[in-house]
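Notes to accompany the following structure.
All of these numbers come straight from a predicted model, not from anything done at the bench. Along the sequence shown, residues are numbered consecutively beginning with 1.
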Amino acid sequence: MAKEQENEQLALAWQFVERTGVNVFLTGKAGTGKTTFLRRLKERSPKRMVVVAPTGVAAINAGGVTIHSFFQFPLAPYIPGGSFSAKDEKYRFSKEKKNIIRTLDLLVIDEISMVRADLLDQIDAVLRLHKDRHRPFGGVQLLMIGDLSQLAPVVKESEWALLREYYRTPYFFGSHALQQTRHVTIELQHVYRQTDHTFINILNEVRENRLTAESLARLNSRVIKDSSCGSVILNECEGSRRGLREIFRYVQNDTYEGGLGFEGEAYIRLTTHNATANRYNEERMDALKSIRFSFRADVSGTFPESSYPAEEKLVLKKGCQVMFLKNDSQGSRYYNGKLGIISHVDANTIRVRGIDDGVEIEVEPDVWTNARYVIDKETKEIREEIEGEFRQYPLRLAWAITVHKSQGLTFDRAVLDVNAAFAAGQVYVALSRCRSLDGLVLTAPLSPSSVRTDAVVTDYMHVELAQAQHTAGHLATLERDYYLAMLTELFSFEALETDFRRMLRLIDEHLYKVYPLLLKEYKQASERFAREITAVSATFYRQYATLVAESADYATDAHLAERIHKAATYFVGTLDALLRPLIERAALDSDNREVKERLTEATYNLKQSFAQKYHLLARVVERGFNVSTYLKDKAIGLLNADTSAKRERKSKAVEKIEVDRNSDIRHPRLFHKLRAWRSTRADELGRPVYGVLTQKALIGIVNELPTSGRDLLRMPGFGKKSLEMFGREILAIVEEYIEDGVE
């Protein structure tokens with residue numbers, strides 16, 4: 001992370017994301033490296049992460065997916081406290097999607113300024129549903145990236161009329177779930193985009209809602225209206241007369257074939273509305289005498305039209321002013337936002353001459369991908385799987401583009417047509433695209449109100465940045481807290497105990513007559529669990545919490561490492577002796593469909609909890625405790641436990657073994673034979689299996705080995721009608737079993 005090491009705030013952000021579990025709001029002026037930080041985080045972080053953004057284009061630019069597509073949200077407001085159900089069709093995630101969420105360490109939300117408070121609370125509700133219902137966002141760490149001085153969330157009046165009862169502001173920081181969490185704000189301050197200190201100071205004033213009259217006058221000195229919009233030079237910027245004269249020549253002359261520019265230079269116009277940009281581009285296009293050529297994108301697989309990163313039908317002429325839409329995938333000939341002029345175009349070839357360097361580039365079609373997150377079957381890592389591709393020349397007409405589409409781009413020269421700005425932050429975004437004041441032209445004077453940011457944002461950032469001054473001082477404490485939290489999670493047996501007691505309760509309430517011996521074993525195990533696991537775990541917590549608090553370097557403390565190893569060894573052995581025998585005899589049955597379904601689910605959950613906890617402790621016994629490896633082992637353990645439990649759930653062989661080990665079934669071979677007979681007869685008669693022979697009667701026959709009709713009538717749930725219909729067949733099966741040799 002070379003750049004992060006050079007930049008104090010970037011280095012701090014990296015440490016908070018990697019070494020703590022606290023939520024991070026990474027903000028900063030335009031051009032401070034937020035996008036670069038995200039790209040490097042994706043490349044190098046060991047944490048399992050998913051990147052989402054509020055719009056399709058923002059998601060593709062961030063290398064992620066949209067919030068709505070990942071979480072399967074409807075396009076409707078969310079009311080806090082609204083109930084979520086995994087059975088709801090909208091939220092019925094695939095098993096893979098559930099596993100991605102369950103193993104997620106970090107959720108990155110790019111362009112957070114456009115995310116509404118209710119959408120963040122909706123994310124919280126789904127993460128709680130599928131991960132940890134007791135913790136905000138299910139215990140997943142959030143990295144929120146964006147600048148609140150830029151584009152605000154879109155809220156219709158009708159939606160805000162509904163939401164204002166629950167939220168004081170639509171901005172993301174109004175989220176109830178976020179307010180329940182510990183989070184830090186890190187502001188990136190080093191501006192890579194601009195080097196003009198006067199201009200940087202003006203941008204800071206706009207961003208912080210403190211623009212002075214002098215700075216506003218400096219901005220308005222850049223106003224020029226050309227012949228197409230009613231021309232007059234309003235002012236001359238002090239010390240920039242030559243620059244103004246050059247701009248005046250630019251707007252008056254038509255020396256370049258494209259109709260814009262002087263001495264090989266050209267300006268891009270930023271507008272507030274798509275219609276304005278499109279109209280301006282068409283006017284400039286129509287003014288060219290050259291031939292039109294059309295290039296249609298090749299779209300394959302799944303790629304939503306709303307997320308198209310370029311024009312589906314690109315129309316160009318020689319002399320068009322264009323902008324590249326992505327970095328050169330073949331080298332460094334162009335970059336996202338580079339301006340150029342079409343120097344040659346025909347049906348098969350496009351060449352662009354760069355405005356900044358005059359170098360001619362032959363452009364090839366490039367590919368954008370639409371991806372979804374999946375879990376790699378071999379490595380168990382979360383990775384992106386390509387669902388669709390969009391292949392097109394990475395160009396767009398660029399005499400004019402909207403402010404919204406300019407986010408993340410940098411221009412040496414730009415004409416800002418923003419007097420019709422309709423949203424907070426639009427003017428700031430437009431201004432901050434420019435490298436310098438000399439390269440900026442306004443089509444109309446800015447008023448104080450047009451550059452004013454939302455007071456709610458200003459107040460929030462004032463408080464956040466005041467607290468952020470002390471952020472670095474909290475890092476060591478938060479790192480220690482995170483280490484302790486992961487260690488506590490490792491040695492917490494609460495989830496396993498909950499699943500075990502749920503199984504015990506089902507047997508005790510519904511199967512105590514069928515499985516009395518097994519019930520007794522479960523009750524004895526429950527008492528031992530409380531004594532040998534829960535109580536020991538609580539005692540050990542006090543030991544390691546003290547050691548972590550007192551150690552100067554807890555992560556490498558030899559004494560702490562020894563205590564952790566001994567504890568893991570103890571719990572592995574205790575779980576093996578206490579629970580494994582019971583779990584291996586977990587194939588229980590019931591004639592009641594509801595009870596049977598609950599038993600199946602409880603068995604599955606118990607096996608999964610046991611396998612995951614055992615796996616984690618065994619890994620610590622093997623190689624010690626480390627937070628990074630623990631996170632990876634936890635995810636792999638959960639996925640492997642899930643796969644194993646699912647496989648066993650479907651396996652007749654495993655079920656047979658479990659029955660054979662059940663102490664309430666004295667003759668397992670006879671049990672399997674009688675149950676198979678019962679199933680066959682039920683199919684023949686079109687009855688449920690308990691309509692042939694109840695579970696109680698089945699186990700009674702297996703254990704007592706009746707040899708007469710009178711013996712059969714003593715079996716629980718076996719009456720005269722059953723004797724009349726099935727007595728001979730059952731007695732024959734029992735007699736054959738006895739003759740073959742009782743087990």
Does a sphere of radius 6.0 Å around [atom1] in [X] hold more than 12 heavy atoms from other residues, nucleotides or ligands, not counting ones at 6.0 Å or beyond?
| X | atom1 | value |
| --- | --- | --- |
| R210 | CZ | yes |
| K632 | NZ | no |
| Y482 | OH | yes |

Would a 4.5 Å heavy-atom cut-off, applied to side chains only, mark [X] and [Y] as touching?
| X | Y | result |
| --- | --- | --- |
| V22 | T181 | no |
| V65 | V51 | no |
| V126 | F93 | yes |
| Q612 | K634 | yes |
| D147 | V429 | no |
| F324 | N336 | no |
| V24 | L142 | no |
| F173 | Q179 | no |

For [X] and [Y], indicate whether the former's side chain and the latter's backbone hold a donor-acceptor pair under 3.5 Å.
| X | Y | value |
| --- | --- | --- |
| H565 | V621 | yes |
| R619 | D633 | no |
| K613 | L490 | yes |
| Y554 | R480 | yes |
| K326 | V367 | yes |
| R116 | P170 | no |
| S45 | L41 | no |
| S215 | T212 | no |
| T27 | G146 | yes |
| N23 | Q141 | no |

Measure across [X] and [Y] and return the closest heavy-atom pair with its distance rounded to 0.1 Å.
| X | Y | value |
| --- | --- | --- |
| K131 | I101 | CD-O, 3.4 Å |
| S307 | G56 | OG-CA, 3.3 Å |
| F411 | S406 | CE1-CB, 4.2 Å |
| L120 | F137 | O-CE2, 3.4 Å |
| M114 | P54 | CB-CG, 3.9 Å |
| C434 | L416 | SG-CD2, 4.4 Å |

*With sequence neighbours excluded, tell me which residues meet ring pair (Phe, Tyr, Trp, His ring centres under 6.0 Å) with F70.*
none
*In chain order, what residues pass the ring pair (Phe, Tyr, Trp, His ring centres under 6.0 Å) check against F540, with sequence neighbours excluded?*
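So F540 forms a ring pair (Phe, Tyr, Trp, His ring centres under 6.0 Å) with F491, Y544.
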Residues two or more places apart in sequence or in another chain: which of them pass side chain to side chain donor-acceptor pair (under 3.5 Å) with [X]?
| X | value |
| --- | --- |
| D110 | none |
| S551 | D557 |
| R168 | none |
| Y335 | D356 |

Examine [X] together with [Y] and report whether their ring centres are nearer than 6.0 Å.
| X | Y | result |
| --- | --- | --- |
| F25 | H183 | no |
| F625 | Y483 | yes |
| Y171 | Y460 | no |
| F571 | F493 | yes |

From [X] atom [atom1] to [Y] atom [atom2], the distance as rounded to the nearest 0.5 Å:
| X | Y | atom1 | atom2 | answer |
| --- | --- | --- | --- | --- |
| L631 | I636 | CG | CD1 | 11.0 Å |
| R102 | I375 | CZ | CD1 | 9.0 Å |
| L547 | E562 | CG | CD | 10.5 Å |
| L163 | I79 | CG | CD1 | 5.0 Å |
| T471 | L12 | OG1 | CG | 6.5 Å |
| L38 | E43 | CG | CD | 10.0 Å |

_Salt bridge or not between K338 and D412? Use side-chain N to carboxylate O under 4.0 Å._
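No, this pair does not count.
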_Donor on one side chain, acceptor on other, N201 and T198, under 3.5 Å_ =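 Per modelled atom types, N201 and T198 side chains form no pair under 3.5 Å.
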With sequence neighbours left out, write down each residue that passes side-chain contact (heavy atoms from CB on, under 4.5 Å) with [X], or none if nothing qualifies.
| X | value |
| --- | --- |
| T35 | none |
| E384 | K42, A371, Y373 |
| E494 | S492, T498 |
| D328 | Q330, R333, Y334 |

*List for me each residue that meets salt bridge (Lys or Arg N to Asp or Glu O under 4.0 Å) alongside R372, sequence neighbours excluded, and say none if there are none.*
E96, E385, E387
*Go through the structure and list residues passing salt bridge (Lys or Arg N to Asp or Glu O under 4.0 Å) with E464, not counting sequence neighbours.*
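Residues passing salt bridge (Lys or Arg N to Asp or Glu O under 4.0 Å) with E464: none at all.
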*asked:* Using salt bridge (Lys or Arg N to Asp or Glu O under 4.0 Å), reason through D481 and R182 one step at a time and then give a plain yes or no.
replied: CA-CA 12 Å; D481 289 349; R182 194 176 190 179; 3.3 Å; yes
*Show your working on ring-ring contact (aromatic ring centres under 6.0 Å, His included) between Y166 and H176 and close with a plain yes or no.*
CA-CA 9 Å; Y166 304 95; H176 298 303; 7.9 Å; no
*May I have the step-by-step check of salt bridge (Lys or Arg N to Asp or Glu O under 4.0 Å) for D376 and R383, ending in yes or no?*
CA-CA 7 Å; D376 190 288; R383 64 174 177 82; 3.1 Å; yes
*asked:* One pair to check against salt bridge (Lys or Arg N to Asp or Glu O under 4.0 Å): D124 and R128. What are the steps and the verdict?
replied: CA-CA 6 Å; D124 166 69; R128 285 179 188 257; 2.9 Å; yes
*For the side-chain hydrogen bond (donor to acceptor under 3.5 Å, both in side chains) test, which of D121, D118, T169 pairs with S175?*
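In the set D121, D118, T169, the residue that makes a side-chain hydrogen bond (donor to acceptor under 3.5 Å, both in side chains) with S175 is D121.
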